[in-house]
There are 2 protein chains.
Amino acid sequence: MSGVTITDVAQRVGVSVATVSRYLSGFNVRQRDEIENAIHELNYRPSAAARNLKSGRTGTIAIVVPDISNPFFAAIATGAETVAGEEHMVMLVNSGAIREREEKILGELFGRVDGVILSPLQEDDEGPSFFSKYGLPIVFVDRITADAEKFDSVLVDNVKGARLATEHLIQLGHQKIAMITGPLHTTPGRLRAEGYTSALRKQKIALQESYLIESDFTREGGYASMVKLLEDPNPPTAVITGNNFMSIGALEALKEKRVRIPDDISIIGFDDLDFSTLIEPGLTAVFRHFEAQGAEAMRILLARISALATNTELSPQHSVVDVHLIERGSCAPPTGLPAQSKS
Amino acid sequence: MSGVTITDVAQRVGVSVATVSRYLSGFNVRQRDEIENAIHELNYRPSAAARNLKSGRTGTIAIVVPDISNPFFAAIATGAETVAGEEHMVMLVNSGAIREREEKILGELFGRVDGVILSPLQEDDEGPSFFSKYGLPIVFVDRITADAEKFDSVLVDNVKGARLATEHLIQLGHQKIAMITGPLHTTPGRLRAEGYTSALRKQKIALQESYLIESDFTREGGYASMVKLLEDPNPPTAVITGNNFMSIGALEALKEKRVRIPDDISIIGFDDLDFSTLIEPGLTAVFRHFEAQGAEAMRILLARISALATNTELSPQHSVVDVHLIERGSCAPPTGLPAQSKS
DNA sequence: TACGCTCCTGCAATCGTTCTCAGTATTCCG
DNA sequence: CGGAATACTGAGAACGATTGCAGGAGCGTA
């Protein structure tokens, strides 16, 4: 700790702590220059803890995400920062997709931040919103919990995204379309699968069980799922991957097995890859604006915080970010897979 | 705010706040079950602010980095988390490569965290270490400041990495080797350039001014620098890019200009790309273990914190993480660039 | 010079904990 | 059952800031 407190500054100048405090909060004070000097000479820094305790405000907002290494979540934070302004410092916390850690983190954040932007781990759980009930402003981003209609949220149009992808493939003539989705107890995992199945149903294409694979949003999961699809006795002619990491894993599997894209199989990723232009062919993908989602979440959170401060009623905001399809070279009409090469 | 305090719990059970406090810190207490119940029923959460104020400890460690969207820094955080344990919560803060923000952040962090892992923006500046002098434990990671020998740090062997890359190209027969490096006022920018120039000198290859380009670690910077090199009247036959983002930018430029790798130009990246296997040819790169760097930084920081707590003397630790070259397909003996195609 | 007004000041309470200290209840043993 | 040792308890002073309140300095005006 710095050791030097407001009292030291006050003594040095010969005023009361109250005066120094007032100087710090911008009031007019007679000995402002002396105080300023003393602060510099002593290298005084106000104790955040003491301030928080007295004022109840922290000037801090936390963003809690399941995977800090996913560029998507980094972009959420970046977007949120652009809106936060001078008032608030933004911190990113990694729950590491571990339920207990998420719980613990939220508990510790209580009283340490003015609000939280959270991407909760599971839908079938009211843990996170629980905190919100007891006064910690929370905005859900990208994922929600079961009782989320009562709380602020910013989602992407998952169903539409998956539908766009599926319909695009159907239009190209594909009938055997597979989807590698994330865990079904997460919002994007569930809704993207839903978009896929509903698009199939609408086009009267029967859903084949083995074509809908529930994976885990990781590269390894994408790889394993793709391998599984390739080993299917009746392999699909097109695949939709449920997020960026799984796209990478699936592409790796295809490359390794020397399955040509789009000749042998077509592939669409949910979420664009930031190196899409570097791979051959470019990956057709469902695009959404990451930063916009983060910015929107922050806007809603700040509104919520000030509503809380002024005791204003404010009904839950539910924002949905639009998506569209970016066509590159990874999709073509089906021709059927060649005989499997056991390499 | 939660509103419910330790006093409420104490009253409900009919004990003193001291007893509840003791229960919270794990002491044996007669009415432990009653207290536990009351805490649950009232949904009491201890105020972090009050705790910090009294105990001086926060249980929080901040990692302050210049660019949260760079996977390298995300990996630093991930690595650090593995070591932090239950005691400490790790938060990632983005300085956005803005000097004033870094300063402000450090100031606000003072008293709010037990220690900081920092990747400072500029070497020619003592701002960050200044905080360390006044009692905030800081470990520099990846970058240092001018007076860094007095403080803990974890660096990668930048000079060796750049030297390995340069020598590899020389061995292949290249003489016209260019380097796109980061800002020379940053540690990796400066040291990687140094490794490059010293390797050239050792092999008695004259350094050509236009071959050493100081860029900014961004994708756009890498792109622009590569374009500049290609437009050189006497273009290089090999290029080393100074970080991951600039590698992507450079590769984009090459692809766009239809320069073939490694036929027309060889390229080595400093830092591996996590999709290296997906591009054709694979990128030869200087590899370092990101997470290990973060883990090492956290280890040193925890040691520093406990040294401070126990008033133990502890001389500054300087850790250097080793690197090695991963050879893929992006390098070959030089054949000279074809005539430039103005596309 | 006297009066009132404004502006600034210091005192002291307060935020929600932790922790020392002294005291009371409980246990253990002979 | 008595006494000492042990285990737990409560009162109250911190921690470092903010803030309401009442009072004092300085100013302008008559």
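In what follows, every chain begins at residue 1, and chains take the letters A, B, ... in the order their sequences are listed.
Toward the 5' end of DNA chain D, the nearer of the two residues B/S55 and B/V15, judged by each one's closest nucleotide, is B/V15. Between B/K54 and A/P46, the residue anchored nearer the 5' end of DNA chain D, judged by the nucleotide with its closest heavy atom, is B/K54. Of the residues near DNA chain C, A/V17 and A/Q31, the one whose nearest nucleotide (by heavy atom distance) lies more toward the 5' end is A/Q31. The residue among B/A50 and B/A18 whose nearest nucleotide of DNA chain C lies closer to the 5′ end is B/A50.
For B/T5 and C/dG16, the shortest distance from a side-chain N or O to OP1 or OP2 is not below 4.0 Å. The shortest distance between the side-chain N/O atoms of B/S21 and the OP1/OP2 oxygens of C/dT17 is not below 4.0 Å. Here A/Y44 reaches the OP1 or OP2 of D/dA17: one of its side-chain N or O atoms lies under 4.0 Å away. Residue B/N28 places at least one side-chain N or O closer than 4.0 Å to OP1 or OP2 of D/dC8. Remark: A/R51 is in phosphate contact with D/dT18, judged by side-chain N or O atoms under 4.0 Å from OP1 or OP2. A sub-4.0 Å separation between OP1 or OP2 of C/dG16 and a side-chain N or O of B/S47 is absent. Of the side-chain N and O atoms in A/T19, one or more sit less than 4.0 angstrom from OP1 or OP2 of C/dG10.
Following rounding to the nearest Å, A/L24 (CG) and D/dT18 (C1') show an atom-to-atom distance of 11 Å. Taking atom CG on B/L53 and atom C1' on D/dG16, their separation rounds to 5 Å, with Å as the unit. Atom pair B/I6:CD1 and D/dT9:P shows a separation of 13 Å (rounding to whole Å applied). Atoms CD (B/Q11) and C1' (C/dG16) sit 13 Å apart, rounded to a whole Å. Between A/R112 atom CZ and C/dT17 atom C1' the separation is 13 Å, expressed in whole Å. Per the geometry, CD1 belonging to A/I35 stands 13 Å off P belonging to D/dA17, to the nearest Å. We find that CZ of A/F27 is positioned 15 Å from P of C/dG10, with the value rounded to whole Å.
For the 3.5 Å distance criterion, the side chains of A/R299 and A/S319 fail to qualify, holding no donor opposite an acceptor.
Within 3.5 Å, no donor on the side chain of A/R30 pairs with an acceptor on the base of D/dG26, nor the reverse. With hydrogens and angles ignored, a donor-acceptor pair under 3.5 angstrom links the side chain of B/R22 to the base of D/dG10.
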Test B/L24 against B/I6 for side chain to side chain contact (heavy atoms under 4.5 Å, CB included), laying out the working first.
CA-CA 10 Å; B/L24 289 172; B/I6 198 173; 4.1 Å; yes
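Here B/R32 does not pair with B/E36 in a salt bridge; the nearest charged N to carboxylate O distance is not below 4.0 Å.
Judged by distance alone, the side chain of A/S55 and the main-chain N or O of A/R51 form a donor-acceptor pair under 3.5 Å.
Nearest heavy atoms, B/G115 versus B/L301: C-CD2, 3.9 Å.
A 6.0 Å sphere centred on CD of B/E149 holds more than 12 heavy atoms belonging to other residues, nucleotides or ligands.
Residue A/S16 has its side chain nearest to C/dG10 when only C/dG10, C/dT9, D/dA14 are considered.
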